[in-house]
Amino acid sequence: MTSTDTATLFLHPDRNLAMELVRATEAAAIRATPWIGRGDKNAADGAAVDAMRKFLGTVNFDGLIVIGEGEKDNAPMLFNGEHVGNGRGPACDIAVDPIDGTSLTAAGRQNALSVIAVSDRGTMLDASSVFYMDKIVTGPEGRGVVDLSQPIGDNIRELAKAKGKPVGEIRVAVLDRPRHEGLIEEIRAAGAGTRLMLDGDVAGGINAARYESRIDLCVGIGGSPEGITTACAIKAIGGFMQGRLAPKDEAERAAGIAAGLEMDRVYGADDLVKGDNTFFVATGVTDGGLVEGVRRKGPIIRTESIVLRSKSGTIRRVSADHLAEKWLSPDEL
C-alpha cells in the first residue's frame, strides 16, 4: 500500500479507530490505578506506558509518535519517533501521554488523564526541542476577541463582553506555579476569579473551550507537548487557542530555532495541528471536571472516556465496565 493510499484512507477513516484508541487509554488508566496515592509517579507512568504500548501495537494504523512523553521529566517513554500500530492502516501523527498528571496520580489528586491525540501524517508541529509553551484557550466566543499578545486584563474584559457576562463571573484556569504569580495577580486585579490547577493543563484547556464548563479561559505556561495535544481537542470542539513557545534558556531557544521553530510567533490551533482531521481520546485516571476516574465496583472496573473528532465535530462519552480479574494481578484484586 502506498503513502497516497494511506493518506486517502485517513480522509475517510474506519470509525473503529476512535474505539481502538479508547481501548489504549482505558488500559493505561486501569494499570495506573494501583499506584494512585502511592507517591511514586514514575511507577504509575511506567505501568501506564507498558499498557498503552501493548494496545497501540494492535491498532490498524501506522502511527508515528511526534509528541512522546517522559523526556521532560526523565520518566518512562513512548518516545518521539517510535512507530506504533500494526502498520497496515492509515499513516498518521500521534501524540501520547499515558498519564497527563503523574504527580496528581502519585498524590491521589484529581484531574489525571490518559491521553492520545491523532492527526494526518505530517500535520503535527514537532515542538519537542522546546519543552514549554505559553497558551491561551477559550471557547468559540474568543475567536477574534482574545489574543496571546494582549494584556490578560484586556482579554478578560473583551471575553466577558463577547460572552455577555460580568467580568466578575469570568473564571480563568492557571497552573499553580511560581512563574504565574504575576499573572494570577493580574487576573484578580481585572476582577476575574482563578481556578488554580496543580497539574494537567490539557484538561484545563479543554474545559475552557467546552460550552457547559464553568471555566471561561485557560492561560499560562505549560508543556509544549500538552499544547499540541490540546490543539487536537480544541479543533474538534470548535474552540479558540493560541500558543507561543517559551524556551527556558538561550540554549533551548537556539535548539528550537535550529529545529525550524519560530520563538516569537503566536501559533494558532491550525498551526499547531494542520488540517481538519484530528482525534482526541482521554480516559480518566482520577476524578476530574472532564471525566470520572477509574472506579472499582466489586468484580468490575469502570472507566469513563471522552472521544473528540474534528472532521465530524462530535464529542462522545464512553463508559465501560471491565472484569477486574482480566486486568489486575491476584495481589491487586
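Nothing here was measured: the structure is a model prediction, and the numbers come from that model.
- In summary, the side chains of Asn155 and Gln150 do present a donor paired with an acceptor at a separation below 3.5 Å, with no hydrogens or angles considered.
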request  = Decide yes or no on salt bridge (Lys or Arg N to Asp or Glu O under 4.0 Å) for Asp321 and Lys297, but give the supporting numbers first.
outcome  = CA-CA 9 Å; Asp321 287 348; Lys297 295 180 177 293; over 6 Å; no
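- Atom CG of Asp40 and atom CG of Asn42 lie 6.5 Å apart (nearest 0.5 Å).
- A side-chain donor-acceptor contact under 3.5 Å links Arg171 to the backbone of Gly168.
- To the nearest 0.5 Å, atoms CE (Met124) and OG1 (Thr229) are separated by 6.5 Å.
- In this structure, the side chains of Asn86 and Thr58 stay at 4.5 Å or more apart for every pair of heavy atoms.
- Following chains of ILVMFWY side-chain contacts shorter than 4.5 Å, one can reach Ile116 starting from Phe279, so the two form part of one hydrophobic cluster.
- Put simply, Val96 and Val59 are part of the same group of oily side chains (I, L, V, M, F, W, Y) that touch within less than 4.5 Å, one to the next.
- The two residues His180 and Ile221 have their closest heavy-atom pair at NE2-N, 2.8 Å.
- In this structure, the separation between CG on Asp62 and NE2 on His83 is 5.5 Å, given to the nearest 0.5 Å.
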request  = Output, in order, the C-alpha distance, side-chain angles, deciding distance and verdict of side-chain contact (heavy atoms from CB on, under 4.5 Å) for Leu198 and Gln110.
outcome  = CA-CA 9 Å; Leu198 293 170; Gln110 293 190 336; over 6 Å; no
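- Within the 4.5 Å cutoff, side-chain heavy atoms of Leu272 are placed close to those of Met133.
- Residue pairs meeting the ring pair (Phe, Tyr, Trp, His ring centres under 6.0 Å) criterion with at least one member in residues 26-57, sequence neighbours excluded: Phe55-Trp327.
- When atom types are taken as modelled, the side chain of Tyr267 and the backbone of Glu262 share a donor-acceptor pair closer than 3.5 angstrom.
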task = Could you check Val172 against Ile156 for side-chain contact (heavy atoms from CB on, under 4.5 Å), going step by step and ending with a plain yes or no?
result = CA-CA 9 Å; Val172 184; Ile156 288 170; 4.3 Å; yes
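- Closest non-hydrogen pair, Val137 versus Ile234, comes out as CG1-CD1, 3.5 Å.
- The backbone N or O of Ala236 lies less than 3.5 Å from no partner atom in the side chain of Lys311, so there is not a single donor-acceptor pair.
- In terms of hydrophobic clustering, with Ile, Leu, Val, Met, Phe, Trp and Tyr side chains grouped at heavy-atom distances under 4.5 Å, Ile36 and Leu290 are assigned to different clusters.
- Residues Asp100 and Gly200 approach most closely at OD2-CA, 3.6 Å, considering heavy atoms.
- Residue Ser128 is tested with Ile228, Asn80, Leu261 for a side chain to side chain contact (heavy atoms under 4.5 Å, CB included); the sole match is Asn80.
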Full working for side-chain contact (heavy atoms from CB on, under 4.5 Å) between Asp134 and Leu148 = CA-CA 8 Å; Asp134 194 7; Leu148 195 57; 4.2 Å; yes
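- Side chains of Arg309 and Thr278: a donor-acceptor N/O pair is absent below 3.5 angstrom, by distance only.
- Listed here is the closest heavy atom pair of Ser129 and Ala255: OG-O, 3.9 Å.
- Between the CD atom of Glu26 and the CE atom of Met52 there is a distance of 11.0 Å, given to the nearest 0.5 Å.
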task = Take Glu82 and Arg53 through the test salt bridge (Lys or Arg N to Asp or Glu O under 4.0 Å) and record every step on the way to the result.
result = CA-CA 10 Å; Glu82 181 176 353; Arg53 178 181 277 120; 2.9 Å; yes
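- Atom CZ of Arg38 has 12 or fewer heavy atoms from other residues, nucleotides or ligands within 6.0 Å.
- For the pair Asp93 (side chain) and Thr123 (backbone), a donor-acceptor distance under 3.5 Å is present.
- Distance NZ/Lys135 to CD/Gln242: 13.5 Å, rounded to 0.5 Å.
- Judged by distance alone, with hydrogens and angles left aside, the side-chain atoms of Glu169 form no donor-acceptor pair with the main-chain N or O of Pro166 at under 3.5 Å.
- Counting heavy-atom neighbours within 6.0 Å of Arg265 CZ, excluding the residue itself, gives a total above 12.
- Formation of a donor-acceptor pair under 3.5 Å by the Thr33 side chain with backbone atoms of Val294 is not found in this model.
- Side chains of Thr25 and Ser114: no donor on one and acceptor on the other come within 3.5 Å.
- Contact detail for Ile215 and Ala173: the closest heavy-atom pair is CG2-CB, 3.8 Å.
- Not a single donor-acceptor pair under 3.5 Å links the side chain of Asp45 to the backbone N or O of Thr102.
- Panel note: side chain Arg143, backbone Gly238; a donor-acceptor pair is recorded below 3.5 Å.
- Residues Cys218 and Met241 have side chains not in contact (no heavy-atom distance under 4.5 Å, counting atoms from C-beta outward).
- Interatomic distance, Arg195 CZ to Ile187 CD1, rounded to the nearest 0.5 Å: 11.5 Å.
- The closest side-chain heavy-atom distance from Glu226 to Asp97 is below 4.5 Å.
- When each of Asp276, Asp270, Leu308 is paired with Lys235, the side chain to side chain contact (heavy atoms under 4.5 Å, CB included) condition holds for Asp270 and for no other.
- Side-chain atoms of Leu183 and Val219, non-hydrogen and from C-beta on, do get closer than 4.5 Å to each other.
- Under the 4.5 Å side-chain heavy-atom criterion for grouping Ile, Leu, Val, Met, Phe, Trp and Tyr, Leu78 is connected to Val118 within one hydrophobic cluster.
- No side-chain heavy atom of Ile206 sits less than 4.5 Å from a side-chain heavy atom of Ile306.
- No continuous path of hydrophobic side-chain contacts links Leu175 to Phe131 [ILVMFWY only; heavy atoms under 4.5 Å].
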ask   = Passes salt bridge (Lys or Arg N to Asp or Glu O under 4.0 Å), Lys163 versus Asp216? Steps please.
value = CA-CA 9 Å; Lys163 297 188 80 167; Asp216 300 286; 2.6 Å; yes
query = Between Asp287 and Arg295, does a salt bridge (Lys or Arg N to Asp or Glu O under 4.0 Å) hold up when you go through it step by step?
reply = CA-CA 9 Å; Asp287 286 345; Arg295 294 172 182 265; 3.0 Å; yes
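- Taking both residues in full, the closest heavy atoms of Val145 and Leu159 are given as CG1-N, 3.8 Å, listed atom of the first, atom of the second, then distance.
- When side chains are defined from C-beta on, His322 does not count as touching Ile300, because their heavy atoms never get closer than 4.5 Å.
- Residue-environment remark: NZ (Lys54) stays at or below the threshold of 12 foreign heavy atoms within 6.0 Å.
- The main-chain N or O of Thr194 is never found under 3.5 Å from a side-chain atom of Arg188 such that the two would form a donor-acceptor pair.
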message = Please evaluate residues Arg316 and Ser305 with respect to the criterion side-chain contact (heavy atoms from CB on, under 4.5 Å), reporting the C-alpha separation (whole Å), side-chain torsions for both, the decisive distance (0.1 Å), and the verdict.
response = CA-CA 8 Å; Arg316 290 184 171 89; Ser305 306; over 6 Å; no
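- A donor-acceptor pair under 3.5 Å is formed between the side chain of Ser213 and the backbone N or O of Asn207.
- The side-chain heavy atoms of Val84 and Phe61, taken from C-beta on, include a pair separated by under 4.5 Å.
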